[in-house]
Amino acid sequence: MLPVRTGTPYLPWHAPCEATRLLRYGLRRQGFTHTYQSMGVGVRELSVLTELTVWCNDGSFVWNEEGGAPVTHPIDDPVGAAQRIAARYRQRELSHSPIDSVRELTV
């Protein structure tokens with residue numbers, strides 16, 4: 001990350017475009033390699049998985065958990081958001097592993 005002097009009025013990752021790009025890179029480091037970034041009017045959108053879209057709006061990343069409960073995370077912490085998303089969705093993937101489904105069918 002680039003060094004920023006104290007008192008700098010504008011931090012580049014506070015811009016929704018840059019914050020979403022940094023979230024995308026953070027998710028890539030977590031193993032989410034097929035993401036799609038788009039832009040709406042005043043909103044940035046990042047499709048991570050079929051069931052997971054992250055919006056960047058009003059200083060926050062926002063996504064919905066299972067059941068539709070919204071989750072927010074500050075845009076000045078894209079790495080933390082990526083870790084939080086990865087932890088949640090990896091946990092879910094492990095609990096729904098295809099190996100377990102095959103074992104259930106063959107027993």
Side-chain angles (χ1 to χ4, degrees):
M1 188 165 294
L2 297 172
V4 178
R5 290 184 297 185
T6 304
T8 302
Y10 172 75
L11 299 175
W13 54 86
H14 284 184
C17 179
E18 184 65 11
T20 304
R21 186 181 70 78
L22 292 172
L23 174 61
R24 187 176 189 184
Y25 290 151
L27 287 167
R28 185 169 188 82
R29 287 186 200 112
Q30 297 288 332
F32 295 88
T33 56
H34 295 86
T35 58
Y36 175 75
Q37 185 175 344
S38 64
M39 175 182 68
V41 178
V43 177
R44 291 290 175 158
E45 187 176 298
L46 183 63
S47 295
V48 181
L49 299 168
T50 304
E51 64 277 1
L52 175 62
T53 300
V54 179
W55 295 273
C56 183
N57 191 19
D58 295 330
S60 294
F61 293 115
V62 181
W63 64 91
N64 291 322
E65 290 285 334
E66 285 184 55
V71 176
T72 62
H73 194 90
I75 67 168
D76 62 352
D77 183 24
V79 173
Q83 291 170 341
R84 190 172 175 188
I85 290 167
R88 175 71 176 114
Y89 283 88
R90 279 200 186 118
Q91 178 184 25
R92 206 179 108 225
E93 284 177 0
L94 291 174
S95 68
H96 296 357
S97 98
I99 295 171
D100 291 338
S101 299
V102 171
R103 286 185 188 147
E104 290 172 15
L105 293 173
T106 59
V107 172

Student check: side-chain heavy atoms of V48 and L27 closer than 4.5 Å: yes
Distance (rounded to the nearest 0.5 Å) between N64 CG and W55 CH2: 5.0 Å
Joint hydrophobic cluster, V71 plus I75, side-chain heavy atoms closer than 4.5 Å: yes
Side-chain donor or acceptor of R24 paired with backbone N/O of T35 under 3.5 Å: yes
Side chains of E45 and Q37 in contact at under 4.5 Å (non-hydrogen atoms): no
Polar side-chain atom of R44 near backbone of C56 as donor-acceptor pair, under 3.5 Å: no
D77 CG to S60 OG distance, which is reported to the nearest 0.5 Å: 11.5 Å
L52 and I85, any side-chain heavy atoms less than 4.5 Å apart: yes
Pairwise side-chain contact, W63 with R84, heavy-atom cut-off 4.5 Å (strictly under): yes
Interatomic distance, Q83 atom CD to H73 atom NE2 [nearest 0.5 angstrom]: 8.5 Å
Side-chain heavy atoms of L23 within contact of F61, under 4.5 Å: yes
